[in-house]
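In listed order, ligands and their atoms are each counted from 1.
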Amino acid sequence: MATYDYDIGILGGGAAGLTIASGAAQFGAKTLLIEKEKSLGGDCLHFGCVPSKTLIKTANVYHLMKHAGRYGLPHLDLTTVDFREVAKRIQSVIRVIEEHDSKERFCSLGARVEFGSARFMDEHAVLLNGGIYSAKNWVIATGSSPAVPPIEGIDTTPYITNKEIFSLESLPKSLIAIGGGPVSIEMAQAFSRLGTKVTVVELGDQILGAEDRDMAEQLMNILVSGGITFHVSSSILRVRDLGNEKEVVVKNGGGNTVSLKAETILIATGRQANLQGLGLEDIPVGFDRKGLKVDSRLRTNHKHIFAAGDTTGAYQFTHAAGYEGGIVLSNAILHLPRKADYTNLPWCTFTDPELASIGMNEKRAAAAGIPYSVWTEEFKSNDRSLAEGEEAGRIKLLLDERERPIGVQILGPHAGELVSEWVAVMNGKVKLSTLAAAVHPYPTLGEINKKVAGTFFSGKIFSEKVKKALKFFFNLKGRACG
Ligand SMILES: Cc1cc2nc3c(=O)[nH]c(=O)nc-3n(C[C@H](O)[C@H](O)[C@H](O)COP(=O)(O)OP(=O)(O)OC[C@H]3O[C@@H](n4cnc5c(N)ncnc54)[C@H](O)[C@@H]3O)c2cc1C
């Protein structure tokens, strides 16, 4: 039997790779983790979730300060934002979290960490910094990078992506965000709130294309009222560097050509898997434009080479990467065949209000041919929302024909937190009646979850049939007014 240096080798020290390295080492597997950059943590820590959510918080605080009057407070005379200070705060948060992802910590767990660019020599060995490292199993968890579309003039026009946006030297006066996905929309609102004039250009006919149109449009209207300009159904014809400004020429939905100008262009038009330089063509490992091709157990065409995280192009979230890390551990280390199942994968776009989703929305249910009914509840009917001054948005619950929850979308304050109750309901197959009957603390935003479930039952409970039965058995006397 062939022998290898390691039980498992992992390429990429981000969300997926770190989950696998930590788990494998703690299970007693001889583990090698290889990271291309100088530190562990990946995009989420350095250029993604952590800096973006830190920036969003800063922007929201500034927004609240600007609107102190809404809360019965004195008006504040604010100076403009010094983005270097904002960037410092972002870096300080990263530094704290980074400690958890240190080489030393992984070594203490039992995993060896090496830095450098590895290339597959054969199906079981990679070349790294002049040495050869072999492993019984490999995981490709090298993440993704911003995909920059082939726009005319892009090679000679400076632009930024999520790699640069958190360390700008100053706040741009104006910004054109190309793309209407979560990264673009979150950054658009954050920069707008900090004082940048923001325009978003989206090719599709709505922003946040994976979401139902009604929810995405409600969010877009809120963002418009906050001062952001949107061009949907608009393709970019060309970009040009005008010195202090950049020009983006757009063909809009009406077929008209519009010239937009801004100090900075943000490109956020999706992601591409980091697969270059790994030597995948030589072994070969199958991939396409989307990413690595894997089966439901996250195995590539070589059953001992797995993929996890953004490299598959499936669900590009940190929690999806962590989940997939668990699937790989189960299959590769524990030898328990386990398939990835994304039925109840939640996600959230962290705008204000947030837009969170789990399971089926109307688009996905219709595409899957699943009959459904929709139940909604508005945040403006939630007492806590009113007290918080955050009454925009609503919850939308989809039930299947057997009246089981198949999906929930929440546009509202702390939607990302609120959706967690549905994570438990849907994964635990909790009955809707149990949720409707469960006491929730008052006044909380979470009551909206109970209320939307109650909305479904109230029509049945307070029906004419029930009223008639109560009258018949208990001689109830009916209406006392009107
Ligand atoms: C602006 C932004 C905001 C985001 N916000 C959220 C959010 O709020 N919530 C959420 O769930 N997700 C969010 N995401 C997505 C999230 O960051 C990714 O889904 C997640 O980082 C994917 O984890 P991963 O392990 O696949 O990749 P990564 O975390 O990127 O890790 C991959 C690692 O592999 C390394 N690598 C690359 N090539 C090689 C190589 N050849 N050899 C060795 N190592 C290599 C990279 O340097 C990196 O460290 C956001 C993304 C962006 C861009």
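Both tests pass for Lys30 against the ring of Tyr6: distance under 6.0 Å to the centre and angle within 45° of the axis.
Every disulfide (SG to SG under 2.5 Å) that Cys49 has, sequence neighbours left out, goes to Cys44. Applying the ring pair (Phe, Tyr, Trp, His ring centres under 6.0 Å) rule to Tyr133 yields no partners; only residues at least two apart in sequence or on another chain are considered.
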For residues 166-176, which side-chain N or O atoms pair as donor and acceptor with protein atoms under 3.5 Å away, sequence neighbours left out?
residue : atom : partner : partner atom : Å
Ser167  : OG   : Glu164  : O            : 3.4
Ser174  : OG   : Glu263  : N            : 2.9

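Within the 4.5 Å cutoff, the side chain of Gln91 has heavy atoms near those of the Ile94 side chain.
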Pairs of nitrogen or oxygen atoms, one from ligand 1 and one from the protein, closer than 3.5 Å: please tabulate them with distances.
residue  : atom   : partner : partner atom : Å
ligand 1 : 5 (N)  : Lys53   : NZ           : 3.2
ligand 1 : 8 (O)  : Lys53   : NZ           : 2.7
ligand 1 : 11 (O) : Thr318  : N            : 2.8
ligand 1 : 11 (O) : His319  : ND1          : 3.2
ligand 1 : 12 (N) : Thr318  : N            : 3.3
ligand 1 : 19 (O) : Asp310  : OD1          : 2.8
ligand 1 : 19 (O) : Asp310  : OD2          : 3.4
ligand 1 : 19 (O) : Gln316  : O            : 3.3
ligand 1 : 19 (O) : Phe317  : N            : 3.2
ligand 1 : 21 (O) : Cys44   : N            : 3.4
ligand 1 : 25 (O) : Ala15   : N            : 3.1
ligand 1 : 25 (O) : Ala16   : N            : 2.9
ligand 1 : 26 (O) : Asp310  : N            : 2.7
ligand 1 : 29 (O) : Ala15   : N            : 3.4
ligand 1 : 29 (O) : Asp43   : N            : 3.3
ligand 1 : 30 (O) : Asp43   : N            : 3.0
ligand 1 : 34 (O) : Thr142  : O            : 3.4
ligand 1 : 44 (N) : Lys36   : N            : 3.1
ligand 1 : 47 (O) : Glu35   : OE2          : 2.6
ligand 1 : 49 (O) : Glu35   : OE1          : 2.6
ligand 1 : 49 (O) : Glu35   : OE2          : 3.2

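For an aromatic pair to be called close, the ring centres must be under 6.0 Å apart, and Phe83 with Phe191 satisfies this.
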